[in-house]
*Asks:* 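Quick one: structure below, then a few questions.
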Amino acid sequence: MVKHQPLQVYERQLCLSCITGIYGCRWKRYQRSHDDTTKWELLWSLILLFTFCLLLVWFYFWWEAHNDYNEFNWFLYNRSGEWSDGTVPILATTAAGFTYIAFLMVLALCHIALGQQLNLHWLHKIGVTVALLTTVVGVISINQTWGQEWDVIPISLQATGPFLHIGALAAVTTLSWIVAGQVARTEKNMFQAVVMLLYLSVLLGLYLVPLYISSPCIMDPSTLKPRPNVIGHQGAPMLAPENTLWSFQRALQMNTTGLEADVAISVDGVPFLMHDHTLRRTTDIEEIFPDRQMDDASFFNWTDLQQLNAGQWFLKDDPFWTVRTLSLQEKDLIANQSVCSLEQLLKLASYHNSTVVFRLRRPPPEHPCYDSWINDTLQAVQQSGVPQSLVMWTPDEQRAQVRQLAPGLIQTSVEKLSPQSLEEYGISRLLLRYNQASTQEIRNFTHSDINLTLYTVNEPWLYSVLWCSDVSSVSSEAPQILKKVPYPVWLMSPDEYRLMWVSADLVSFAVVIGIFIFQKYRMSGMRSYNPEQIMLSAAVRRSSRDINVMKEKLIFSEVGNGAGSADELYEDTGYNYYTNQGISQ
């Protein structure tokens with residue numbers, strides 16, 4: 001025989017059910033608990049927090065590394081031999097992982113705010129573990145293959161630091177609601193002290209962070225130098241195939257003051273423009289010379305090189321996702337591009353009075369021009385008729401001889417040396433990657449009359465930071481983007497920044513104090529109780545109202561559990577189950 005205990009009636013708590021259900025699969029009321037979180041679950045909460053912080057840095061890294069996506073894809077090409085945009089799957093998985101972990105973090109904070117016990121479901125634990133391990137593997141891989149790119153984080157913080165500080169301050173200030181609630185709710189003095197100490201330490205640290213934020217864009221606007229010149233790196237490779245004549249013409253249309261190219265030497269001594277060691281990526285050699293597609297580009301003669309098409313690959317691979325923006329006329333021009341010689345580039349530059357800088361690659365030892373590569377290149381420069389004052393000469397080999405034969409060339413170094421050493425060697429220009437010179441070093445070169453050019457600068461924020469650092473020129477794959485930057489993205493005086501900093505700190509401090517006072521006042525007037533233990537009599541008094549109720553569970557007990565008849569059970573509880581009336585006293 002089975003006896004039935006009366007049904008308890010509860011108000012719906014859909015929001016709470018969703019929070020605990022999604023986080024720990026605790027959809028039912030009786031599954032939830034206000035007990036202290038176990039040490040095991042606290043450990044998983046720390047793992048979740050660490051994963052969130054790591055993914056936040058990883059996501060920020062890839063967001064700011066957008067400036068160098070093409071460089072990353074080229075690294076992948078050198079390893080795999082196949083060209084593809086490797087950033088797409090990385091960005092997709094990073095965005096998905098960060099969104100997932102951030103969502104779990106929000107749910108965990110909601111548990112804390114509502115006084116619920118943390119109990120992460122095992123499926124989420126697997127997901128957190130996968131996200132953590134995947135991110136760690138990604139960090140290790142990038143560190144081994146593209147380690148220099150980590151420098152983009154401190155450099156980008158010069159542009160984003162002041163605004164990230166405001167965002168972090170707003171987030172920590174918002175967390176004061178949860179912290180104040182926990183401190184006011186708990187009766188353990190040690191717990192209160194530890195929580196308050198940790199929170200106030202983080203808050204104080206954020207208040208003082210601006211003392212260590214350094215940005216060249218925090219300066220007197222009246223001291224801003226003229227806009228840096230833009231040099232088209234391989235022309236305008238986002239709008240046309242790299243190192244082709246049409247690419248350089250497009251770059252000149254974007255108001256560039258110079259052109260940069262990569263130069264190799266053919267087997268018959270003709271310098272031509274080619275970035276890769278082979279012709280597979282940027283020509284149709286697989287169709288024209290299928291048996292020689294893995295040969296070094298310098299082992300082809302100029303006649304063979306002229307047979308290759310250097311534009312169709314751009315329309316097919318669409319390396320920068322820009323082909324859809326091109327007109328039919330532009331696509332026709334691109335489809336008919338051929339390998340460009342250095343002499344053709346120099347004549348174009350001479351016509352437009354544009355500076356030319358090229359990186360000369362020495363051919364392999366078995367190449368017939370291995371010893372004469374400098375003379376062959378210098379001869380091509382002289383035959384082109386370009387004024388020597390427009391050519392930036394970068395090879396260090398036989399520099400003294402070149403200076404004697406062509407004294408008008410602009411001697412340029414691609415190796416970072418001190419201004420004094422550069423002056424001793426008679427070098428007036430320096431070409432470096434943008435992460436190889438700090439703001440102070442850039443200004444030292446400027447004061448020493450050394451013209452510094454930094455590559456590759458494609459993003460407006462990076463161009464703005466270098467502009468404020470007094471750099472004289474940059475080399476860019478995106479001159480069409482930098483053309484639209486007539487002024488730094490942001491610029492403020494030190495006084496304006498201090499005002500913004502102090503105002504944000506004062507507002508945050510006032511809000512935190514107000515929240516703590518409000519939470520203490522709010523909690524002091526409330527009894528310590530479990531909101532899920534709803535008295536049956538209270539439910540009866542409200543039974544006449546038009547509210548939604550839910551039946552949570554039905555408990556069955558056997559006859560032998562010591563209870564009497566059903567009537568006796570109801571009488572003991574002071575409730576008449578059949579009349580739905582409480583027993584009057």
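All values reported here derive from a predicted model rather than from experimental measurement. The first residue of the sequence shown is numbered 1, and numbering continues consecutively from there.
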*Asks:* With a 4.5 Å limit on heavy-atom distance, are the side chains of Tyr455 and Val414 in contact?
*Replies:*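 The answer is no, as the side chains (C-beta and beyond) never meet within the 4.5 Å cut-off.
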*Asks:* Between the side chain of Thr439 and the main-chain N/O of Pro216, is any donor-acceptor distance below 3.5 Å?
*Replies:*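 Judged by distance alone, no pair lies under 3.5 Å.
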*Asks:* Write down the atom of Ser438, the atom of Glu441, and the distance for their closest heavy-atom approach.
*Replies:*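 Scanning both residues, the minimum pair turns out to be N-OE1, 2.9 Å.
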*Asks:* Hey, does Pro228 have a side-chain heavy atom less than 4.5 Å from the side chain of Leu466?
*Replies:*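 They are not in contact (no side-chain heavy atoms under 4.5 Å apart), so the answer is no.
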*Asks:* Establish, from distance only, whether the side-chain atoms of Tyr60 and Thr160 form a donor-acceptor pair under 3.5 Å.
*Replies:*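 On atom types as modelled, these side chains qualify, holding a pair under 3.5 Å.
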*Asks:* Got a second to check how far Leu454's CG is from Ser476's OG, nearest 0.5 Å?
*Replies:*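 Result: 12.0 Å between the selected atoms.
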*Asks:* Would you check if there is a donor-acceptor pair between the side chains of Asn435 and Gln148 at a distance under 3.5 Å?
*Replies:*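 Asn435 and Gln148 do not have a side-chain donor-acceptor pair below 3.5 Å.
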*Asks:* Taking C-beta and beyond as the side chain, do Asp318 and Thr322 meet within less than 4.5 Å on heavy atoms?
*Replies:*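 The answer is yes, as the side chains (C-beta and beyond) meet within the 4.5 Å cut-off.
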*Asks:* Quick one: does Ser80's side chain have a donor or acceptor within less than 3.5 Å of a partner on Glu82's backbone?
*Replies:*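 Such a contact is found between Ser80 side chain and Glu82 backbone.
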*Asks:* Look up atom CG in Leu239 and atom OG1 in Thr325, then write down how far apart they are to the nearest 0.5 Å.
*Replies:*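 The distance works out to 7.0 Å.
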*Asks:* Step by step, work out the side-chain contact (heavy atoms from CB on, under 4.5 Å) result for Val230 and Asn255.
*Replies:* CA-CA 8 Å; Val230 177; Asn255 299 332; over 6 Å; no
*Asks:* Is there a donor-acceptor contact under 3.5 Å from the side chain of Asp317 to the main chain of Ser84?
*Replies:*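 No; judged by distance alone, with no hydrogens or angles, the pair does not exist.
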*Asks:* Taking the side chain from Thr412 and the backbone from Thr394, do they hold a donor-acceptor pair closer than 3.5 Å?
*Replies:*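 The answer is no, because no donor-acceptor pair under 3.5 Å joins these two groups.
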*Asks:* If you apply the rule side-chain contact (heavy atoms from CB on, under 4.5 Å), what do you find for His124 with Tyr100, and how did you get there?
*Replies:* CA-CA 10 Å; His124 288 319; Tyr100 171 65; 2.8 Å; yes
*Asks:* Between Trp146 and Phe61, what is the ring plane arrangement, given parallel below 30°, perpendicular above 60°, and tilted in between?
*Replies:*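 Rings of Trp146 and Phe61: perpendicular, as their planes differ by over 60°.
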*Asks:* Could you pull out the closest heavy-atom pair between Pro486 and Arg227, with the gap in Å?
*Replies:*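 That closest heavy-atom pairing would be CA-NE, 4.4 Å.
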*Asks:* Begin with the C-alpha distance, continue with both residues' side-chain angles, and end with the deciding distance and a verdict on side-chain contact (heavy atoms from CB on, under 4.5 Å) for Leu109 and Leu175.
*Replies:* CA-CA 9 Å; Leu109 292 175; Leu175 286 178; 3.9 Å; yes
*Asks:* Any chance you could measure Ser418, atom OG, to Lys416, atom NZ, to the nearest 0.5 Å?
*Replies:*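 If we round to the nearest 0.5 Å, Ser418:OG and Lys416:NZ are 10.5 Å apart.
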*Asks:* Please report the closest heavy-atom contact between Tyr212 and Leu208, naming both atoms and the distance.
*Replies:*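 Minimum heavy-atom contact is CD1-O, 3.8 Å.
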*Asks:* Is any side-chain heavy atom of Ser469 closer than 4.5 Å to a side-chain heavy atom of Trp467?
*Replies:*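 No - every pair of side-chain heavy atoms lies 4.5 Å or more apart.
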*Asks:* So among Val194, Leu200, Val202, which one has a side chain to side chain contact (heavy atoms under 4.5 Å, CB included) with Leu198?
*Replies:*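 Testing Leu198 for a side chain to side chain contact (heavy atoms under 4.5 Å, CB included) against Val194, Leu200, Val202 leaves exactly one candidate, Val194.
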*Asks:* Hey, does Glu260 have a side-chain heavy atom less than 4.5 Å from the side chain of Met392?
*Replies:*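 Side chain of Met392 against side chain of Glu260, heavy atoms only: no contact under 4.5 Å found.
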*Asks:* Classify the side-chain pair Gln253/Arg250 by whether it contains a donor and acceptor separated by less than 3.5 Å.
*Replies:*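 Per modelled atom types, Gln253 and Arg250 side chains form a pair under 3.5 Å.
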*Asks:* So which of His233, Arg359, Gln234 actually passes side chain to side chain donor-acceptor pair (under 3.5 Å) with Asp262?
*Replies:*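 Answer to the side chain to side chain donor-acceptor pair (under 3.5 Å) test with Asp262 among His233, Arg359, Gln234: Gln234.
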*Asks:* State whether the side chain of His165 and the backbone N or O of Gly161 hold a donor-acceptor pair below 3.5 Å, judged by distance alone.
*Replies:*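 Answer holds: no.
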*Asks:* May I have the step-by-step check of side chain to side chain donor-acceptor pair (under 3.5 Å) for Arg522 and Gln519, ending in yes or no?
*Replies:* CA-CA 5 Å; Arg522 174 173 170 264; Gln519 286 283 56; 3.0 Å; yes
*Asks:* Within a strict 4.5 Å, meaning less than it, do heavy atoms of the Leu169 and Asp505 side chains meet?
*Replies:*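 They are in side-chain contact.
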*Asks:* When you look at CZ of Phe50, are more than 12 heavy atoms from neighbouring residues, nucleotides or ligands closer to it than 6.0 Å?
*Replies:*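 Check fails, neighbour count at 12 or below.
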*Asks:* Is it the case that atom CZ in Phe163 sees more than 12 heavy atoms from other parts of the structure closer than 6.0 Å?
*Replies:*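 Counting neighbours around CZ of Phe163, more than 12 heavy atoms of other residues, nucleotides or ligands fall under 6.0 Å, so yes.
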*Asks:* With a cut-off of 6.0 Å (strictly less than), are more than 12 heavy atoms of other residues, nucleotides or ligands near CH2 of Trp63?
*Replies:*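 Result for CH2/Trp63: open.
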*Asks:* Considering all heavy atoms of both residues, which atom of Ala108 and which atom of Leu118 are nearest to each other, and what is their separation?
*Replies:*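 Result for this residue pair: O-CD2, 3.8 Å.
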*Asks:* Does the side chain of Gln116 pick up a donor-acceptor pair with the side chain of Arg26 at under 3.5 Å?
*Replies:*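 Looking only at side-chain atoms, Arg26 and Gln116 do not form any donor-acceptor pair under 3.5 Å.
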*Asks:* Going through the distances and angles, do Asp68 and Arg433 end up as a side-chain contact (heavy atoms from CB on, under 4.5 Å)?
*Replies:* CA-CA 11 Å; Asp68 304 310; Arg433 195 177 188 269; 3.6 Å; yes
*Asks:* Please confirm whether the backbone N or O of Ile481 pairs with a side-chain atom of Tyr463, one donor and one acceptor, at under 3.5 Å?
*Replies:*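 Absent.
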*Asks:* Look up atom CD in Glu149 and atom CD in Glu64, then write down how far apart they are to the nearest 0.5 Å.
*Replies:*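 One finds 10.5 Å between CD of Glu149 and CD of Glu64.
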*Asks:* Output yes when a side-chain donor or acceptor of Asn143 lies under 3.5 Å from a complementary backbone atom of Val139, and no otherwise.
*Replies:*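 Pair absent, no side-chain N/O of Asn143 close to backbone of Val139.
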*Asks:* Would you check if there is a donor-acceptor pair between the side chains of Thr94 and Trp58 at a distance under 3.5 Å?
*Replies:*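 Yes - a donor-acceptor pair under 3.5 Å links their side chains.
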*Asks:* Can you confirm whether Ile22 sits close enough to Trp27 that some side-chain heavy atom of one is under 4.5 Å from a side-chain heavy atom of the other?
*Replies:*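 In short, these two side chains touch, coming nearer than 4.5 Å.
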*Asks:* Spell out, as yes or no, whether a donor-acceptor pair under 3.5 Å connects the side chain of Asp220 to the backbone of Ser222.
*Replies:*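 Checked: pair present.
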*Asks:* How about Trp62 and Phe72: are their ring centroids closer than 6.0 Å?
*Replies:*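 That pair passes the under 6.0 Å test.
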*Asks:* Do Met492 and Met500 have side chains that approach each other closer than 4.5 Å (heavy atoms only, starting at C-beta)?
*Replies:*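 In short, these two side chains touch, coming nearer than 4.5 Å.
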*Asks:* Indicate the atoms forming the closest heavy-atom contact of Ser214 with Gln158, along with that distance.
*Replies:*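 Ser214 and Gln158 have their closest heavy atoms at O-CG, 3.6 Å.
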*Asks:* What closest approach, in Å, do Tyr77 and Trp83 show between heavy atoms, and which atom pair accounts for it?
*Replies:*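 Looking at all heavy atoms of both residues, the shortest contact is CD1-N, 3.6 Å.
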*Asks:* Keeping the roles fixed (side chain from Asn73, backbone from Gly86), state whether a donor-acceptor pair exists under 3.5 Å.
*Replies:*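 Yes; judged by distance alone, with no hydrogens or angles, the pair exists.
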*Asks:* What distance separates Leu203 CG from Met196 CE, expressed to the nearest 0.5 Å?
*Replies:*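 If we round to the nearest 0.5 Å, Leu203:CG and Met196:CE are 9.5 Å apart.
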*Asks:* Under 3.5 Å, side chain of Ser508 to main-chain N/O of Ala504, donor-acceptor pair present?
*Replies:*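 Flag not set: sc Ser508 to bb Ala504 has no pair under 3.5 Å.
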*Asks:* Nearest 0.5 Å please: distance from the OG1 atom of Thr257 over to the CG atom of Leu252.
*Replies:*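 Separation between the atoms: 10.0 Å.
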